[in-house]
Amino acid sequence: MAAIPAPADLPAATPLDLGLYPDIQRYGASDVSACFSCGTCTASCPLSQTDSTFPRRIIRYAQLGMKDALLSSKELWACYQCGECAETCPTQADPSEFMAATRRYAIASYDRTRIARTMYTQPVLATVLAVAVAALFALFMYTAHGPQSGETLAIFEFIPEELIHNTGIVVMIVVLLAGLAGVVSMARAIGRREGVGWGSVLGGRAALARSARAAWSAIGRESLGQVQFRRDCDVDQETMPWYRQRWLLHAVTVWGFLGLLAATVLDYGLALLGIKATGTPVPVWYPIRLLGTIAGLMLIYGTTMLIIDRLRAANRSVRSSTTADWLLLALLWITGVTGFVLEVALYLPSAPIWGYWVFLFHVAVAMELVLLAPFMKLAHAVYRPIALFFVALSQTPAEEG
Ligand code: SF4
Ligand code: SF4
């Protein structure tokens, strides 16, 4: 995926929404009213080689109230907020921050429940909600608690594994339904704009092969491999040591989160198959446990460094931070750290009583992280690959598939 291609044509009659720009500003957008479409940002953007209107076209949509055009722009998600365009803008419009705010706006617009809108536009309420959801999960689990053994740390006697599994399944169903609604909404908008339907994605072997290549590019190369982020959009690479480079911290956080998710699902799968009951003591080199430990350490490292970078405003992409940024990092960090502390507690010779409370806290925050995923910044982990799938499709004409 070398660069983003030029956008698909818009329908002749595009409805205007004059409240669009003020609304996007509620999501933290910079003041782009002075933008006169000079194109300086386009010249400095590493993604604009084949699209002479990116990123200023997105700003233009907002200024003109072209809401449908904005929400159906796959290019919006190709931007990794490197901040290069903000450095060169003669009007200090900060297009980089504007793009980030517009993605927040897009996540909220795809979400029909309006929870995402609240999470993004009402920081105090969002923080109260986040604390309340974690507290409710903890309280709910605690109502069914069992004894706290002092001989071994019997965490699943304290909080029954069936309760955790069943609650987890309910949470996953809610998340899938809420997330699916948003994903369908986004994919339909972009697909209509790009003229991509089921037939051009799945109709026949050539279409399937083209789609598979686009999916590999979006998920394998970009989302997991971070290829474009590393190659084009991490503009501070030369001045940063490798272990602090932005793309690496992002990648380590993504891999850590996915690794922990995989370890949890695999552990549940083994229990379902009757191979290993959840909570059975296993050595540290047991594959699933090893995966969980390594993934947890990656998550802790990635999120800790990202938090430090934001506190220090260490690079131009984190010059300003929103409550949504902090909330996601805090939930990821707490999940990683409490999971690791629990691992240590399980290996201590005596069973520390505090280990039970760490376990309860860990489960509550992890559940909350999953439950709120479609309504907070974490949703970009799904929306970005979908948009990049359409970008990759547009780079491979159907007849070549
Ligand atoms: S955002 Fe700034 S650099 Fe980009 S077109 Fe507008 S005025 Fe020019
Ligand atoms: S932040 Fe970087 S990738 Fe995004 S529009 Fe600006 S220059 Fe391009």
Side-chain angles (χ1 to χ4, degrees), residues 4 7-8 10 14-35 37 39 41-42 44-48 51 53-86 89 91-111 114 116-123 182-183 185-187 189-190 193-194 229 233 316-325 328 374-388 390-391:
I4 55 171
L10 288 168
T14 304
L16 301 182
D17 177 352
L18 297 181
L20 179 63
Y21 176 51
D23 208 12
I24 293 176
Q25 284 194 300
R26 298 186 66 204
Y27 291 78
S30 51
D31 181 4
V32 292
S33 55
C35 167
S37 212
C41 53
T42 301
S44 60
C45 175
L47 304 179
S48 63
D51 178 6
T53 62
F54 182 81
R56 61 200 157 111
R57 178 172 25 87
I58 306 287
I59 295 174
R60 206 76 187 128
Y61 288 156
Q63 287 173 328
L64 296 176
M66 297 169 71
K67 183 176 175 180
D68 290 349
L70 190 133
L71 292 178
S72 61
S73 291
K74 61 188 185 312
E75 301 82 11
L76 177 63
W77 299 89
C79 162
Y80 284 99
Q81 206 181 353
C82 67
E84 197 76 346
C85 51
C89 173
T91 64
Q92 279 79 50
D94 198 346
S96 172
E97 187 50 42
F98 180 83
M99 295 288 278
T102 307
R103 285 190 291 275
R104 289 177 212 124
Y105 171 81
I107 289 175
S109 300
Y110 301 138
D111 167 37
R114 293 180 72 84
R117 186 178 176 86
T118 304
M119 296 296 287
Y120 278 128
T121 60
Q122 302 196 45
V183 163
S185 185
M186 178 212 203
I190 299 181
R193 165 97 171 259
E194 300 290 315
F229 196 167
C233 296
R316 47 194 125 167
S317 66
V318 290
R319 248 188 319 220
S320 61
S321 300
T322 64
T323 304
D325 296 320
L328 176 59
F375 315 113
M376 52 195 285
K377 193 180 173 184
L378 193 53
H380 83 278
V382 175
Y383 289 128
R384 191 189 294 274
I386 292 172
L388 294 182
F390 282 102
V391 170

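One is the number of the first residue; the rest follow in order along the sequence. Everything quoted here is computed from the prediction, not taken from an experiment.
- Evaluation of the ring-ring contact (aromatic ring centres under 6.0 Å, His included) rule for F375 yields no partner, not counting sequence neighbours.
- Using modelled atom types, no side-chain atom of E75 and backbone atom of I58 make a donor-acceptor pair closer than 3.5 Å.
- Using a 4.5 Å heavy-atom cutoff, the side chains of R103 and K377 are not in contact.
- In this structure, the side chains of S30 and Q92 stay at 4.5 Å or more apart for every pair of heavy atoms.
- Of all heavy-atom pairs spanning M376 and Y120, the tightest one is C-OH, 3.4 Å.
- Below 30°, between 30° and 60°, or above 60°: for Y105 and Y27 the angle between ring planes is above 60°, a perpendicular geometry.
- One distance of note links CE of M66 with CG of L20; it measures 10.0 Å at 0.5 Å rounding.
- A donor-acceptor contact shorter than 3.5 Å is absent between the side chain of T121 and the backbone of R26.
- If you take CZ on R56 and SG on C45, they are separated by 11.5 Å, rounding to the nearest 0.5 Å.
- Between the side chains of D31 and Y21, a donor-acceptor pair is found at a separation under 3.5 Å.
- Between I59 and P95 the shortest side-chain heavy-atom distance falls below 4.5 Å.
- Counting only distance, with no hydrogens or angles, the side chain of D325 and the backbone of T322 share a donor-acceptor pair below 3.5 Å.
- Among residues at least two apart or in separate chains, side chain to side chain donor-acceptor pair (under 3.5 Å) pairs with a member in residues 93-102 are Q81-E97, E97-R104, E97-S320.
- Put simply, CD1 on I107 and CE on M119 are 11.5 Å apart, with the number rounded to the nearest 0.5 Å.
- Atom OH of Y61 and atom CG of L71 lie 11.5 Å apart (nearest 0.5 Å).
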- Message: Is there a side chain to side chain contact (heavy atoms under 4.5 Å, CB included) between C35 and R60? Walk through the geometry before answering.
- Response: CA-CA 9 Å; C35 167; R60 206 76 187 128; over 6 Å; no
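- One finds the NZ atom of K74 at 14.5 Å from the CD1 atom of I386 (value rounded to the nearest 0.5 Å).
- Between the side chain of D111 and the backbone N or O of A116, at least one donor-acceptor pair lies under 3.5 Å.
- For CZ of R319, the number of neighbouring non-hydrogen atoms (other residues, nucleotides, ligands) closer than 6.0 Å is greater than 12.
- In plain terms, the two heavy atoms of L76 and A106 that are nearest each other are CD2-CB, 4.1 Å.
- Contact check for I24 versus L70: side-chain heavy atoms found under the 4.5 Å cut-off.
- Using a 4.5 Å heavy-atom cutoff, the side chains of R117 and D23 are in contact.
- For R316 (side chain) and E84 (main-chain N/O), no donor-acceptor pair under 3.5 Å exists by modelled atom type.
- Atom CZ of R384 sits about 7.0 Å away from atom CG of L388, to the nearest 0.5 Å.
- Although no hydrogens or angles enter the test, the distance criterion places no donor-acceptor pair under 3.5 Å between the side chain of S48 and the main chain of S44.
- Scanning all heavy atoms of the two residues, the minimum distance from A69 to R193 falls at O-NH1, 2.8 Å.
- Listed here is the closest heavy atom pair of C41 and C85: CB-CB, 3.6 Å.
- With a 4.5 Å cut-off on side-chain heavy atoms, C82 and S317 do not count as touching.
- Between V382 and V183, the closest heavy-atom pair is CG1-CG2, 3.5 Å.
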